Amino acid sequence: MGSHTAFEIAGAVVSGAVAPDHFLRRALRRAAEQADLNAFLTLSPEEAISSEGPLAGVPVAVKDNLCTLGQTTSCASRILEGYVSPFEATAVTRLRRAGGIVLGKTNMDEFAMGSSTENSAYGVTRNPHDPSRVPGGSSGGSAAAVAAGIVRCALGSDTGGSVRQPASFCGVVGIKPTYGRVSRYGLVAFASSLDQVGAFGATVEEAALLLSVIAGHDPRDATSSRRAVPDLLRGIARDVEGLRVGVPAEYFADALDPAVRRLCERALSRLREAGAVVIDVSLPHTEHAVPTYYILAPAEASSNLARYDGVRYGLRASDAGSANEVYELSRTGGFGAEVVRRIILGTFVLSAGYYDAYYGRAQRARARIASDFERVWEEGVDVLFTPTSPTPAFQIGERTVDPVSMYLSDIYTVTANLAGIPGISLPIGTVDGLPVGGQFLARRWDECTMLRAARGLEVLLGGTGCPAGRRGLPGGAA
Amino acid sequence: MSETDGKCRTGVTEDDVRAIAALARLRPREAAFERLTVELNLILEHVRALERLDLSGLDPQEAALHSRPRSRDLGTRPDAVGPDAVQALAPNWRDGFIVVPRLPALEATRSPARDPG
Amino acid sequence: MSRGRSSGGAVQAAGYEAVIGLEVHVQLRTAEKLFCADSTRFGDAPNTNVCPVCLGLPGALPVVNPEAVDLAVRAAVAFGCTIHESSVFARKNYFYPDLPKGYQISQFEAPLATAGRFAVETAYGETEIRIRRIHLEEDAGKLIHDRIAGSTAVDLNRAGTPLIELVSEPDLRNARDARAYLQQVKHVLEYLDVSDCNMEEGSLRVDANISIRPSGSTGLGTKTEVKNMNSFSNVERALTVEIRRQRAAVRQGEAVEHQTLLWDETRGEVRPMRSKEESHDYRYFPEPDLPPLVVPPGRIDEIRRGLPDLPKARRERLQRAFGIPAYDAGVLTSERALADYYEKVVGLGTEPKEASNWVMGPLLALAKAVDTPLGAFPVTPGDLAGLIGLVGSGAISRRVAKDVLPRMLERGRSAAEIVEEDGLAQIRDDDRIGVWIAEVLARHPKEIERFRAGERRLQGFFMGQVMKASRGKADPSRVSRLLAERLRG
């Protein structure tokens with residue numbers, strides 16, 4: 001399907017020019033050819049394929065933490081090995097109603113805890129651009145599936161950067177919508193106040209197309225917004241002239257790889273040349289974002305993952321002699337090292353005597369981080385531009401020894417989750433053949449402006465909506 | 001665990017990690033505790049950067065609400081799943097019940113405010 | 001803390017008074033669970049009223065049932081609480097096989113309602129008990145230990161059923177008052193239709209916090225928590241036992257240990273619950289899956305206006321409005337459905353005392369005999385008013401009327417229809433009554449002589465004979481008048 005965008009696929013299927021399963025079969029073939037990437041945990045196409053809707057006949061890869069009927073939903077964990085959900089995530093239902101096909105479930109860091117997909121119980125996913133490197137995470141399988149040209153669109157989830165960072169590492173587009181824009185019903189929770197279902201695309205428009213299909217209020221998720229969803233594809237083609245682009249100094253500090261910095265500066269020059277107004281701004285609480293995130297997310301996770309106890313579903317230790325052993329042995333046998341680490345951290349920060357010092361403090365820091373953004377918007381900034389990650393994709397195994405170094409790869413992405421604002425990562429060039437992503441952040445609910453900026457930059461950098469792939473990189477103007 | 005004075009200076013000991021693991025119903029291998037303790041201290045050292053943040057004049061409850069919608073959302077609710085689905089998922093099922101190894105009966109009082117067993 | 005009258009002879013005489021606070025968990029009478037649409041019905045086959053939410057399946061999310069919120073607000077209004085426009089759900093984390101998610105969704109730092117008060121009538125008069133808080137939470141499932149050998153069976157039908165927890169300040173001073181408080185709390189909640197308060201089905205559960213202190217002091221001693229008391233009389237017994245135990249300990253110079261105790265009904269003693277080192281750390285934090293619960297002031301006002309009279313107010317009103325005796329008013333307001341029934345009967349024009357006699361007497365007895373709640377009783381207030389009306393107009397006698405009532409229930413017909421079908425109407429035709437009188441007098445010449453000789457009490461004998469001849473249908477007042485005329489003659 002290399003040369004066909006999701007729009008072209010749907011067009012061909014709706015018009016009857018090709019059989020509805022034409023592109024599905026192609027995608028399955030390409031997935032089989034690239035099985036060595038380990039992007040998919042299961043491949044199980046549906047029987048009936050719709051030939052109507054904006055995604056008619058479009059194969060979509062779905063992260064394995066979104067509940068689907070008919071495939072397992074394991075969250076790449078032993079504890080949910082073979083688990084088949086009796087209900088379907090709202091985002092998946094909407095995807096299917098729009099004609100999309102669930103091609104398969106993609107690999108991820110176990111329960112979305114990680115930034116490299118190395119924490120999967122089912123083996124690491126390889127970066128299509130360099131198989132010795134990680135694809136990023138936690139939605140590494142979805143990002144790799146798009147980058148490898150298997151699919152044009154994929155679903156992921158973003159709790160601290162889990163869509164944007166792998167998009168950056170794999171040279172594709174990844175959107176984290178405003179918190180509340182997409183229903184979390186059927187998204188297996190990691191950290192409920194930060195989780196949001198996100199969309200990958202080979203191009204900005206394709207990612208926006210997928211988001212437009214899954215967005216909107218869902219009465220089954222009390223945190224999903226009743227706010228009407230604007231037409232996300234309409235204003236996207238407007239150029240960037242007059243757009244006020246803020247550049248937060250804190251995101252260009254010492255931790256940033258100089259080559260990544262140069263690509264960001266090049267992107268900003270292009271925006272300036274095209275008539276955008278580039279403004280230096282400050283988000284002074286940025287340095288507190290990673291500590292805040294690594295208190296709040298594990299705290300919520302320690303509670304969200306308490307349900308995996310071996311009683312009602314999932315793995316139950318066969319040698320448990322008491323109810324307490326059912327818990328301890330099932331959980332210890334079912335969870336990987338990073339999940340155990342975060343449950344212990346999260347349990348600790350909520351425990352008696354420590355709650356105020358850690359959780360309470362982090363809640364307040366979160367409010368400070370959010371108000372940093374509010375102030376910048378009040379100053380008239382339309383969008384912020386930052387790097388997505390301090391470095392390009394790192395080597396498999398490079399950071400597994402030091403959890404903190406791994407956590408710091410989320411430094412530019414966690415702020416959007418803490419503030420509930422939307423973010424997008426798009427390719428802005430390569431360093432030594434490895435893709436690098438740039439990130440736009442926008443006001444809550446203003447995905448339109450964010451998409452307009454991203455699409456504008458994509459065009460300025462020579463992105464044409466060409467396929468991603470192991471051979472050719474999107475936006476390969478570098 | 002030593003009490004904190006509203007700040008988080010004290011290090012975490014291996015015994016602390018043991019107690020936390022038990023609270024989380026985890027039973028890592030004995031050898032893993034040393035590593036977990038080092039890692040936990042490393043992470044806590046990092047997150048302690050928050051101590052430098054001046055948070056005066058902010059109510060934590062308000063902060064908790066800050067980024068969340070406040071609307072009263074009272075919509076429809078999910079479909080019921082039948083006992084067949086429960087049975088299909090349950091690791092141990094008998095006579096319509098999910099079964100676990102026997103608990104001491106007296107501890108299973110009817111009050112929801114009971115202690116963890 | 002010095003509120004509440006101190007009484008309770010024995011304890012006070014020993015120089016120590018008890019300080020008791022009660023936590024009452026009450027199941028709300030909603031059709032659906034608190035965070036999902038499953039039925040709350042009691043007694044269904046196990047694990048049938050379950051869905052992804054109350055099973056705690058991966059990816060499921062809670063959504064608040066507005067009916068439960070309304071009932072909780074109703075209770076909060078009735079107990080005089082301050083109701084907070086915005087309250088916050090919190091997770092209470094602990095592991096137990098009946099708790100599907102590994103946490104209970106409850107309220108902690110910001111409950112729905114706080115600072116209420118409740119006037120309790122005790123043997124020594126009225127005492128005001130302060131209510132600390134009322135909050136919403138979900139119930140756990142049920143564990144059955146004696147069904148499968150060596151195993152515990154888990155039934156999750158009850159998981160997610162809405163509860164309110166109503167917490168009193170430690171204002172109670174003895175076990176008897178604690179029992180009175182509970183009975184009156186239960187009465188109010190039933191009255192408001194907030195809960196059916198059925199203790200056998202577990203829809204009302206009580207935990208107690210108890211400490212003792214030197215009489216007259218205002219400090220608080222170390223408290224213990226007593227659980228597993230499944231009836232009001234058990235609450236009174238358990239508290240009495242625990243107060244005695246603490247007093248004995250203090251007298252012997254021992255410290256009361258802070259602990260959780262379980263009441264053992266069979267042995268009549270409290271015993272410590274096996275505790276683990278890590279117990280009591282629930283790690284509460286705000287529930288991120290639910291936005292703050294917002295109850296607009298307008299809704300609170302609406303609920304306040306729709307609130308029925310509470311039992312005490314209603315009793316006073318019935319006495320005042322209808323002039324019935326205090327005893328009658330007390331019986332009629334013992335259940336809301338009974339009072340409602342009574343007021344409907346009176347509302348249809350029935351004389352209030354007559355209505356009270358009928359409702360408290362034959363009607364209540366009949367409803368109890370067939371074990372049917374008055375709210376759903378097939379003989380409606382209109383039906384009863386019709387029956388009483390027939391007596392009032394003289395169409396049937398009171399005695400016949402008492403036989404008609406069960407037939408109305410049996411056949412589902414009105415009083416008039418039964419009287420018609422069974423030919424029970426009184427005969428008030430003087431000519432027909434005259435014939436029966438003539439027959440009776442003709443058969444009893446001797447008695448007439450004795451009567452005329454002054455044996456006046458024989459009038460009763462003639463009366464009985466005439467009624468017998470009419471097979472009970474003659475209007476007794478007419479019989480009496482006509483008989484007197486004839487005998488004089």
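This structure is a prediction, so every number in the text was calculated from the model and none was measured. Residue numbers start from 1 in every chain, and the chains themselves are labelled A, B, ... in the order their sequence lines are given, proteins ahead of strands.
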- Query: Roughly how far, to the nearest 0.5 Å, is OH of C:Y282 from CG of B:L23?
  - Reply: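 B:L23 atom CG to C:Y282 atom OH measures 11.0 Å (nearest 0.5 Å).
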- Query: Out of curiosity, B:D84 CG to C:N47 CG, how far, rounded to the nearest 0.5 Å?
  - Reply: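 So the CG of B:D84 and the CG of C:N47 are separated by 11.5 Å.
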- Item | Interchain contact, C:P97 with chain B, by part (heavy-atom threshold 4.5 Å) |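 C:P97 touches chain B through side-chain heavy atoms alone.
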- Task: Using non-hydrogen atoms and a 4.5 Å limit, figure out which bit of C:A45 sits close to chain B: side chain, backbone, both or neither.
- Result: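 For C:A45, there is no contact with chain B at all, as no heavy atom is under 4.5 Å.
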- Task: Against chain C, label B:A24 side chain, backbone, both or neither, depending on which of its atoms sit under 4.5 Å from a heavy atom there.
- Result: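 Contact with chain C involves the backbone of B:A24 alone.
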- Under 4.5 Å from a heavy atom of chain C, the part of B:D95 involved: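 Contact with chain C: backbone and side chain both.
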- Query: Counting only heavy atoms not in B:E34, do more than 12 fall under 6.0 Å of its CD?
  - Reply: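 Counting other residues, nucleotides and ligands, CD of B:E34 stays at 12 neighbours or fewer.
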- Name of the residue among C:L143, C:I144, C:T152, C:L156 meeting side-chain contact (heavy atoms from CB on, under 4.5 Å) with B:F97: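 Option passing the side-chain contact (heavy atoms from CB on, under 4.5 Å) with B:F97: C:I144.
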- Report yes if the side chains of B:L89 and C:L55 come closer than 4.5 Å at any heavy-atom pair, otherwise no.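 In short, these two side chains do not touch, never coming nearer than 4.5 Å.
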